[in-house]
Amino acid sequence: MEGTGQELLADLTPAQQAAVTQIDGPLLILAAAGSGKTRVITRRVAWLLQQGVRASNILAITFTNKSAGEMRQRVDALVPGNRVMIRTFHSLGANILRQYADRFELDRNFTIYDTDDRNKIVKSSLEAAGLDNSQFTPDRVGGTISKAKNQLITPVQYAKDAEDYYTQTVAKVYPIYQKKLRESNAMDFDDLLYLPALALRTNEELRADLDARFRYILIDEYQDTNQSQYEIARKLSVDYRNLCVVGDPDQSIYGWRGANIKNILDFERDFPDTRVVMLDKNYRSTKMILHAAGSLIEHNTQRKKKALITDNDTGIPVQILTFDTGLDEADQVVSRIKQAVAAKKHKYRDTAIFVRINALTRTLESAFVKYSVPFQIVKGLAFFERKENKDVLAYLRLLVNPRDDLSFMRSVNEPARGVGKTSLEHLRSFAESHELCLSDACEHVTSISAIKGKAATGLKAFLKLIKELRGLLEHAPEEIIKAVIEQTGYKEMLKSSNDPDDQDRLANVEELVTAARQFSVENPAASLGDFLEQITLASDVDAWDDQQDCVSVMTLHSSKGLEFPIVYVMAVEEGILPHERSLRDTKGDEKEEERRLLFVGMTRAMKELNLTHARLRDFRGQTLYAIPSGFLNELPEDAIEHHVVSRHAGRTIAHDTWRGGNDHADHAWEETGVNPSGPVVTSSARTTTDKADYFSGQIVQHDQYGIGQVTHINGFGALRKMKIRFVQHGEKTFIVDKVKLKAVPK
DNA sequence: CTAAACACTGTTTTT
DNA sequence: CAGTGTTTAG
C-alpha cells in the first residue's frame, strides 16, 4: 500500500531516502564515516518488507555478528516478527555448507577450525609431506594457503602457478592440508567462503537456487570484502540483480587478510547500470575532528576525492599528547578520564581507547586497576582461548563431530588417563593404515598389539565416556557442558589441584556453562553445534558489552562501525602506527592502509579526540626511543593542539610548547631518526638535561667494580639507565643520574 | 607416563 | 618478557 512506508522516510535526507527506496537493480551506497549508514541500511530492509518483498528473499550481510544482531533488533522494531536473514559472510557460508552438506560431500556436523587449529593441521601436513618445518613455519605456510583460498585458487591451480621454491613447497602442502581437513570433517575459516564461492561458480543449479532465494541482497562494509566474498555476491545476483552494497573506500582496513578495495572501487564497472548514492554528510563528529581526519586521509593517493562535511559544532581541537614513557601515557590517560568523569563531564562509557596492537593494552590494564576506573578490554576470544576452556570445547567438538581428530588428541588425555605420546602414535598409525579416524581406531584398541596396559584401559574408558556423553547431544548445550566437565573428571582434576590458579580455571570452565545458558536464552532451539559455531565465528566486538558504564579498550580494527563521545588513540608512533611491517611494502599500499586505520579511529570520535604518543616505549623487555608518527605531521595546524605532559623534574608539568612545530627542544625528537625497532646504541647528545653524557662503547671506571665498557644507554631524565660490562664483575645496570663514574680516555 | 625444568623464539591487525 | 615446545629426571 502506498504511503504505509512513508514514516520510514520522514526523518531522512533526500540522499538517505534515495538509498532506502532504490530497491531494484544494483546500487552502490558510498557512505562516509558517521553518515548515518546503519540507519539507512535498517530502514532499507524495513522498506523492502513494506513494499511487499518477502522476508525470506532478503539477505543482509554485516561485518560482525554483533552488528547483525543489532540490525535484526532494529529491523524488528520497525517490522515486528520478520524472518530476514542477517548474517556475516562466514556465517552465511557455514549455513550454506550445512544446508547443502550432501552436495559438498560433507557431514553437516563439521567442525570449524580456527587459526590455531589450522596451524596444527598445517604442521602435520608439512610432516606428512616430509618437509622440514623449521624453514617454513606452519604459521607462514598456513597464511599463504589462506591467502590462496581467499583468492579462490585451488590446490591444482596453485601448483601450476608455483614458481619459486617457497610456493612450490606450499603447493605440496596445500592439497594434503585440504585432504586432512576433509578427513576430519572440518572447515577452516576460509573454506566457509571458498567452498560456497567455488560451488556457485561451477554448480549452476545450486547457484540459481540460491540466487532465486536471495533476491534482494544488501552488503555492508563492502570495502572489506575479499575475492571469495565478491564471487558469492556476484553469483547470487545474476538472475536477481538487486544487489546493494554499502561502504567507504577510506575505511578499508583489511587488505592484509585478502580484502580487495577494488571490489568497491570497481563496482560500477562490474554492474554498469549501477545507481550510486553518496552519503557524505557527517552527523557524528565536530568540525574540528572532521577537518583533522579529512586532512589526514587526503594524503592517500589511491582514493576517490571526497569532502567530509558536517553541520555539527566546531568543537575543540584534536589534542596531541606527548608523554615521557609508555607507562606515563597509560597512567595519565586513565587519570584524565577519571578526572573528567569526577568533574561530571561525562560517564566512563562515553570514552574509548584505541590501540594499534593488542600488546599495548597490558600497561593500560594496570593503570585502570591503579585508579580503580572500570574498563573492559574488548577481546572476546580471549575467554575461549584459555587452555581450560579449549580443553572443554575439544570434548564438545568431538561429541558433535566424531571425526575431529584434533579435538580427539586434545581431549584424550586431559585429565590424564595414562594415554601417552607413544600409545597415541601407535593409535595414529593404526588409524592411518586402516583409513579410520582416531575415534573409530579406538574401537579396535584391543587388536593393536602395541597398545597395552594403562594406555589401553585409558583409551577404552575414554571411548566409553565419549559414547555416553554423545547420548546427551539432544539436550541443551548448557546441560551437555555440565555433564562434560563432571563426567570427564575435568572438574575434579581442577578442584583437587594444589595449584591456586586452578581454582580460577574451574571458575572459567563454569563460566562456559553460563555462556551456553545465555546462548540458549537468545537461541532457544539451538544445538550444541550451533553454540560451537557461534563461539568460533565470534569476533572481538561481539563480546563487547555496551551497556556497562566503563571505558572501552580495543584495537583500531575492532573500532570500525562504532562511535564514542571521547576517543583516545594511543601510541601514535612510527613503527606502531604506521606499523613497521607495513613500511616494508614498497608500493606504499600498506602505509595507506595504516593511514586509513588512523582515519577510522579518528572518525569514531564525536566530541573529543586525543592522539597520544610517548618518547620512550618498553618493547619486548627493552626500552626504545619512539618517534611521533609521521601521520601527526599530516594534521592541519588549525585543528590540533599539542601538549607535552612531562615529569622531568620529578613533578608533572603540562605546557603546550612545540605547538606549530616551532624550534623547541622537544621537536628535535621528531628528527632524531633513531630506528625505533632497534636498540639505542648512540649517546643521543640531545638529552641535554643529563649532566654526564656517556655513550655506548665508552670505557669507564667505577669505584667499586673497576674498569668496564658501556654497552647500553636508554631511558630519559631520571629514568635514564645504562649497562656496563665490567672486566671482573660482568654486566651491571645503573641509573645514569646516580652512578659515579670516571671516563677513561682511550 | 608424567611433571618439571629448560631453552628457545618471536610479536599487527581477525573471521 | 612470556608463551611455547622440547628435553630431562622421576
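So you know, we letter chains A, B, ... as the sequences are listed, proteins then strands, and number each from 1.
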### Query
Given the side-chain rings of A:His557 and A:Trp256, with only the six-membered ring counted for Trp, is the space between their centroids under 6.0 Å?
yes

### Task
Return the value, rounded to whole Å, for the distance between atom NZ of A:Lys66 and atom P of B:dT14.
16 Å

### Task
Grab the CD-P distance between A:Glu592 and B:dT13 for me, whole Å please.
22 Å

Distances for protein N or O near nucleotides 1-10 of chain B N or O, under 3.5 Å:
residue: B:dC1; atom: OP1; partner: A:Gly420; partner atom: N; Å: 3.1
residue: B:dC1; atom: OP1; partner: A:Ser423; partner atom: OG; Å: 2.7
residue: B:dC1; atom: OP2; partner: A:Thr422; partner atom: OG1; Å: 2.6
residue: B:dT2; atom: OP1; partner: A:Asn413; partner atom: ND2; Å: 3.4
residue: B:dT2; atom: OP1; partner: A:Gly418; partner atom: N; Å: 3.2
residue: B:dT2; atom: OP2; partner: A:Asn413; partner atom: ND2; Å: 3.1

### Message
Counting runs of three or more consecutive pairs, Watson-Crick or G-U wobble, with each distance below 3.5 Å, where are the stems of DNA chain B?
### Response
B:1-10 with C:1-10

### Query
Please give, in whole Å, the distance from B:dT14 P to A:Lys379 NZ?
6 Å

### Query
How about A:Val553 and A:Val378: do any of their side-chain heavy atoms sit closer than 4.5 Å?
no

### Task
Starting at atom CG of A:Asp190, determine the distance to atom C1' of B:dT15, rounded to an integer number of angstrom.
8 Å

### Task
Please state whether the rings of A:Phe136 and A:Tyr166 are parallel, tilted or perpendicular, taking 30° and 60° as the class boundaries.
tilted

### Message
If the test is side chain to side chain contact (heavy atoms under 4.5 Å, CB included), which one of A:Leu611, A:Thr555, A:Val567 qualifies with A:Phe354?
### Response
A:Val567

### Task
Report which part of the nucleic acid A:Asn358 touches: base, sugar-phosphate, or nothing (heavy-atom distance under 4.0 Å, all strands).
sugar-phosphate

### Message
Heavy atoms only, 4.0 Å cut-off, all strands: where does A:Ser558 land among base, sugar-phosphate and nothing?
### Response
sugar-phosphate

### Task
Go through the steps to decide whether A:Asp404 and A:Arg397 satisfy the test salt bridge (charged side-chain N to carboxylate O under 4.0 Å, His left out), and finish with yes or no.
CA-CA 7 Å; A:Asp404 184 349; A:Arg397 282 162 36 151; 3.6 Å; yes

### Message
Does A:Arg362 reach a base, just sugar-phosphate, or nothing at all? Heavy atoms under 4.0 Å.
### Response
sugar-phosphate

### Query
Toward the 5' end of DNA chain B, which comes first, A:Ser91 or A:His579, by nearest nucleotide?
A:His579

### Message
Using whole Å, what does the distance between atom P of nucleotide C:dT4 and atom NZ of A:Lys390 come to?
### Response
9 Å

### Message
On the nucleotide B:dT14, are OP1 or OP2 found under 4.0 Å from the side-chain N or O atoms that A:Thr115 carries?
### Response
no

### Query
Quick one: which of A:Asp405, A:Asp391, A:Asp117 gives a salt bridge (charged side-chain N to carboxylate O under 4.0 Å, His left out) with A:Arg410?
A:Asp391

#### Entry: Passing candidate, side chain to side chain contact (heavy atoms under 4.5 Å, CB included) with A:Thr62, options A:Thr38, A:Ile41, A:Thr88
A:Thr88

### Message
Taking any heavy-atom pair under 4.0 Å as a contact, classify A:Tyr254: base, sugar-phosphate, or nothing.
### Response
sugar-phosphate

#### Entry: Distance in angstrom units between A:Asp139 CG and C:dG3 P, rounded
17 Å

### Message
Tell me the interatomic distance from A:Glu365, atom CD, to C:dA2, atom P, rounded to whole angstroms.
### Response
12 Å

### Query
Under the 3.5 angstrom rule, does the side chain of A:Gln376 hit a backbone N or O of A:Trp544 as a donor-acceptor pair?
no

### Query
Between A:Thr325 (side chain) and A:Leu327 (backbone), is there a donor-acceptor pair under 3.5 Å?
yes

### Task
For A:Asn119 and C:dG3, give me the distance from atom CG to atom P, rounded to whole Å.
18 Å

